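Fair warning: this is a prediction, and the values are worked out from it, not measured in the lab.
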Amino acid sequence: MLITVLDYFGTAVFAISGVLVATGRRMDPFGALVLATCTAIGGGTIRDMALGDTPVFWVHQLAYLWVILAASVVSLIGLWRLKTLPWWLLPVADAIGMATFMAIGAVKAQQSGAPLSICVLMGILTACGGGMLRDVLANRVPLVLRQEVYATACLAGGIAWILAVSVHSPFWVSTLLCILTALLIRLVAIRYHLSLPTLMVRRY
């Protein structure tokens, strides 16, 4: 029940972040729905295909598509009424979805029998895959490929999850620890504009 609730929550939040990006790019409502859908289920789709878990989850669980539609409509109405948005709304919404999907991806991979290291990789893929699709469709450099502390936050959450699982912590403890670790690091990076160093090669 916990993982299902978190999955729906993360789906709704990522759908909203897709709508926010579409609004910033002045897309029409259909374009916003496309971005919302790619953001919300893109990472999980790639994860299921990588794990050989087909058909992918949303094909036989249509509730995810209804969640995306509802979140998109509500956010579009809210944006139409607000007109302007605070600068932090998109990064924070994206951070919540990222942290939630990191834990969900890791747990679903564990349930399929994957090693813990692969579980973390699947968690990162779930958390970052949809956002990468969203940014590519919106003609932006994906967050995970910038200096942003993004995939690094996912990795930290995954390490915290492995440590909790290794000492046989209750399911809800390991899941919550993963989410809070990834979310806290991402929010601190947003608040203080932290970034990773860039790689430079001198040309002679």
Do L155 and V107 land in one hydrophobic cluster if side-chain heavy atoms of ILVMFWY residues count as linked below 4.5 Å? yes
Please report the C-alpha distance between L6 and I179 in whole Å, then the side-chain angles of each, then the deciding distance to 0.1 Å, and finally whether the side chain to side chain contact (heavy atoms under 4.5 Å, CB included) criterion is met. CA-CA 10 Å; L6 289 175; I179 293 173; 3.8 Å; yes
OG1 of T11 to CD1 of I16: how many Å apart, nearest 0.5 Å? 11.0 Å
Looking at residues at least two apart in the chain, or sitting in another chain, which of them share a salt bridge (Lys or Arg N to Asp or Glu O under 4.0 Å) with D7? K108
Between A114 and C119, which heavy-atom pair has the shortest distance, and what is it? O-SG, 3.5 Å
Rounded to the nearest 0.5 angstrom, the CG-CZ distance for L62 and F57 is 11.5 Å
Sorted by chain and residue number, the ring pair (Phe, Tyr, Trp, His ring centres under 6.0 Å) partners of F9 (sequence neighbours excluded) come out as none
If only side-chain N and O atoms count, and only distance matters, is there a donor-acceptor pair under 3.5 Å linking W161 with T175? no
Does any N or O in the side chain of R186 come within less than 3.5 Å of the main-chain N or O of V149, such that one atom is a donor and the other an acceptor? yes
Determine whether more than 12 heavy atoms belonging to other residues, nucleotides or ligands lie under 6.0 Å from atom NE2 of H168. no
With T23 as reference, evaluate L20, V19, V21 under the side-chain contact (heavy atoms from CB on, under 4.5 Å) test and give the passing residue. V19
Tell me whether F30 shares a hydrophobic cluster with V136, the cluster being built from Ile, Leu, Val, Met, Phe, Trp, Tyr side chains joined at under 4.5 Å. no
Heavy-atom count check: over 12 atoms from other residues, nucleotides or ligands less than 6.0 Å from W87 CH2? yes
Nearest heavy-atom contact between G105 and T126 is CA-OG1, 3.4 Å
Looking only at heavy atoms, what is the nearest atom pair of A182 and M98, with distance? O-CE, 4.0 Å
Between T39 and L35, is there a donor-acceptor pair closer than 3.5 Å when you use the side chain of the first and the backbone of the second? yes
Provide the closest heavy-atom pair for A93 versus V13 in the form atom of the first, atom of the second, distance. O-CG1, 2.8 Å
Output yes when a side-chain donor or acceptor of S169 lies under 3.5 Å from a complementary backbone atom of A164, and no otherwise. yes
Applying side chain to side chain contact (heavy atoms under 4.5 Å, CB included), run through M122 and L51 and close with a yes or a no. CA-CA 9 Å; M122 291 297 105; L51 292 173; 3.9 Å; yes
With the 4.5 Å side-chain cut-off for hydrophobic clustering, are I77 and W66 part of the same group? yes
Looking at every heavy atom in both A138 and M27, which two are closest together, and how far apart are they? CA-CE, 4.0 Å
Do L125 and L121 make a side-chain contact, defined as non-hydrogen atoms from C-beta onward lying under 4.5 Å apart? no
Taking the side chain as C-beta and beyond, is there a heavy-atom pair between M132 and I46 under 4.5 Å? no
Would you confirm whether S112, through its side chain, and A109, through its main-chain N or O, come within 3.5 Å as a donor-acceptor pair? yes
Between G158 and V120, what is the shortest heavy-atom contact and its length? O-CG2, 3.7 Å
Drop me the distance from Y8's OH to I68's CD1, to the nearest 0.5 angstrom. 11.0 Å
side-chain hydrogen bond (donor to acceptor under 3.5 Å, both in side chains), paired with W58, selected from D48, T45, T37: T45
Step-by-step side chain to side chain contact (heavy atoms under 4.5 Å, CB included) determination, R134 to C38: CA-CA 6 Å; R134 174 200 64 203; C38 289; 5.5 Å; no
If hydrophobic clusters are built from ILVMFWY residues whose side chains come within less than 4.5 Å, do L133 and L145 share one? no
Nearest-0.5 Å distance, CG of residue D53 to CD of residue Q111: 10.0 Å
Quick one: does any side-chain atom of D135 pair with a main-chain N or O of R140 as donor and acceptor, under 3.5 Å? no
In this structure, CG of L176 is separated from OG1 of T181 (nearest 0.5 Å) by 9.0 Å
Start with the C-alpha gap between L116 and S166, add the side-chain angles, then the distance that decides, and say whether side chain to side chain contact (heavy atoms under 4.5 Å, CB included) holds. CA-CA 9 Å; L116 293 182; S166 299; 4.2 Å; yes
Starting at CG of L194, measure out to OG1 of T152 and round the result to the nearest 0.5 Å. 11.0 Å
Are I41 and V67 connected in a single hydrophobic cluster, I mean Ile/Leu/Val/Met/Phe/Trp/Tyr linked by side-chain heavy atoms less than 4.5 Å apart? yes
